[in-house]
Amino acid sequence: MSQQQEEMSFWDHLEALRWTLFRSVIVLIIFTITGFAFMHEIFDAVILAPTRSDFILYRVLCELTTAIPFLDDFCDENFHVHIFNVKLVSPFFISLSTSFWLALLITFPYLVFEVWKFVSPALYDYEKKNVRWAFFFGTIMFFVGCAVSYFFVFPMTLRFLATVHISDAIENQSSLESYIDMFIMLIFIMGIVFEMPLVSWLLSKLGLLTRAFFNKYRRYAIVGLLVAAAFITPSSDPFTLGCVFFPLYGLYELSAFFVKKAPKNDDDTGAEIVKYDES
């Protein structure tokens with residue numbers, strides 16, 4: 001532990017925490033106000049982009065399914081999800097809440113840096129090196145998860161739900177609240193899911209998780225991940241199912257890679273005793 005941390009009293013810690021929270025809140029407020037000011041452009045160019053047929057994923061899948069014969073045709077130039085609003089106050093409050101969540105997403109690296117500044121004085125030098133890389137790796141994986149959700153998971157889920165019809169007499173539409181709730185939920189859930197390797201590494205450091213756990217439950221994990229992928233993209237197309245399953249399974253194997261092996265037990269000794277008794 002550093003000499004600076006040893007000299008800090010309880011009130012010094014409390015003061016450092018107060019300033020950490022103050023700087024974090026100020027940054028969040030600034031980015032929330034900025035996002036609110038440009039919310040109209042953000043909605044049209046980013047948030048509502050998956051509702052239109054010219055979204056980048058739809059165009060890529062259209063080209064792939066056209067080039068590969070055994071895949072279902074994904075091209076649909078008439079695809080469009082109709083979003084409607086009922087409450088007059090909804091656009092204002094949804095713009096405000098969406099601005100906050102986007103600000104939280106954008107400022108995530110800075111917030112992680114503030115947490116690092118607060119906890120680093122309490123760590124030894126070798127602990128600082130490990131935790132520094134953990135914060136960096138966790139931040140990268142969080143943004144990768146959010147990107148995977150925005151460019152694939154959310155559009156595929158939206159596309160499926162928008163094309164399921166109970167009756168030809170019923171036109172599928174989505175309320176503004178429902179669309180935004182699903183958008184934010186999937187973005188942040190995938191960001192958190194991609195933190196699985198980091199969480200596994202931390203549990204391994206605490207001695208609560210070993211690689212033997214992943215080896216033992218790999219078959220169950222594959223079945224569970226297939227079910228999760230089918231839930232995210234409930235489609236009979238194996239291509240779209242695989243595009244969700246393989247990244248999730250890659251996270252499982254990456255988590256196992258970062259977890260240390262289980263220490264050797266006394267199994268060898270027990271084996272020798274059994275062999276001696278048999279002889």
Side-chain angles (χ1 to χ4, degrees), residues 20 23-36 38-39 41-51 55-58 60-61 97-120 128-158 179-205 225 228-229 232-233 240 242-259:
T20 297
R23 289 191 297 267
S24 301
V25 170
I26 289 299
V27 170
L28 275 175
I29 291 176
I30 292 175
F31 275 84
T32 299
I33 295 175
T34 304
F36 184 80
F38 295 94
M39 189 48 57
E41 291 77 9
I42 294 174
F43 255 89
D44 287 340
V46 179
I47 298 177
L48 295 180
T51 64
F55 187 64
I56 182 173
L57 174 68
Y58 306 150
V60 171
L61 290 180
S97 62
T98 305
S99 301
F100 169 76
W101 287 110
L102 291 179
L104 185 63
L105 178 66
I106 295 173
T107 60
F108 184 75
Y110 175 78
L111 299 179
V112 170
F113 174 72
E114 284 290 346
V115 174
W116 164 251
K117 281 178 58 179
F118 178 73
V119 302
S120 60
K128 288 183 180 180
K129 181 179 179 181
N130 292 332
V131 176
R132 184 186 299 114
W133 281 107
F135 276 125
F136 176 78
F137 180 74
T139 302
I140 296 298
M141 293 302 294
F142 177 79
F143 279 112
V144 170
C146 292
V148 170
S149 179
Y150 176 75
F151 287 104
F152 188 82
V153 176
F154 175 74
M156 292 302 299
T157 304
L158 177 68
Y179 181 85
I180 293 299
D181 288 344
M182 186 174 69
F183 179 85
I184 294 175
M185 179 188 68
L186 286 181
I187 294 293
F188 277 89
I189 282 180
M190 287 302 294
I192 294 173
V193 166
F194 270 66
E195 297 287 345
M196 186 169 63
L198 175 61
V199 174
S200 301
W201 177 80
L202 291 175
L203 292 177
S204 176
K205 286 293 184 179
L225 293 176
I232 294 173
T233 57
T240 56
C243 287
V244 176
F245 167 75
F246 286 111
L248 294 178
Y249 180 71
L251 286 175
Y252 183 88
E253 294 297 339
L254 187 62
S255 300
F257 175 78
F258 282 107
V259 170

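Quick caveat: nothing in here was measured; it's all calculated off a predicted structure.
- The side-chain hydrogen bond (donor to acceptor under 3.5 Å, both in side chains) check on Y179 picks up nothing, with sequence neighbours excluded.
- Across S149 and L186, no two heavy atoms sit closer than the pair OG-O, 2.9 Å.
- Atom CH2 of W101 is separated from atom OG1 of T32 by 11.0 Å, given to the nearest 0.5 angstrom.
- In terms of heavy-atom proximity, F55 sits nearest to P155 at CE2-CG, 3.4 Å.
- Within the 4.5 Å cutoff, the side chain of F245 has heavy atoms near those of the L225 side chain.
- To the nearest 0.5 Å, atom CZ of residue F194 and atom CG of residue L248 are 6.5 Å apart.
- Note on ring orientation: taking the six-membered ring where Trp is involved, the planes of Y252 and Y249 are parallel (angle under 30°, cut-offs 30° and 60°).
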Go through M156 and L61 one step at a time and tell me if the side chain to side chain contact (heavy atoms under 4.5 Å, CB included) criterion holds. CA-CA 11 Å; M156 292 302 299; L61 290 180; 3.7 Å; yes

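- Between atom OG1 of residue T98 and atom CD1 of residue I47 there is a gap of 5.0 Å, rounded to the nearest 0.5 Å.
- No side-chain heavy atom of P197 sits less than 4.5 Å from a side-chain heavy atom of F257.
- Checked against the 6.0 Å centroid criterion, the rings of W201 and F137 do not qualify as a close aromatic pair.
- No donor-acceptor pair closer than 3.5 Å links the side chain of S204 to the backbone N or O of V259.
- Within the 3.5 Å criterion, the main-chain N or O of T20 finds a donor-acceptor partner in the side chain of S24.
- For F142, the ring pair (Phe, Tyr, Trp, His ring centres under 6.0 Å) partners at least two apart in sequence or on another chain are F108.
- Here the CG-OG distance, from L102 to S97, works out to 9.5 Å after rounding to the nearest 0.5 Å.
- In the displayed structure, Y58 atom OH is contacted under 6.0 Å by more than 12 heavy atoms of other residues, nucleotides or ligands.
- Residue I184 holds its CD1 atom at 9.0 Å from CD1 of I187, rounded to the nearest 0.5 Å.
- Not a single salt bridge (charged side-chain N to carboxylate O under 4.0 Å, His left out) links E195 to another residue, sequence neighbours left out.
- Annotation: I140, atom CD1; neighbour count of heavy atoms from other residues, nucleotides and ligands within 6.0 Å is above 12.
- Closest approach of F188 to L104, counting heavy atoms only: CE2-CD2, 4.2 Å.
- Between I192 atom CD1 and C146 atom SG the span is 8.5 Å, to the nearest 0.5 Å.
- Closest approach of M39 to S99, counting heavy atoms only: CE-OG, 3.0 Å.
- Between the Y150 side chain and the P50 main chain, no donor and acceptor come within less than 3.5 Å of each other.
- In this structure the side chain of M190 never reaches within 4.5 angstrom of the side chain of F154, judged on heavy atoms.
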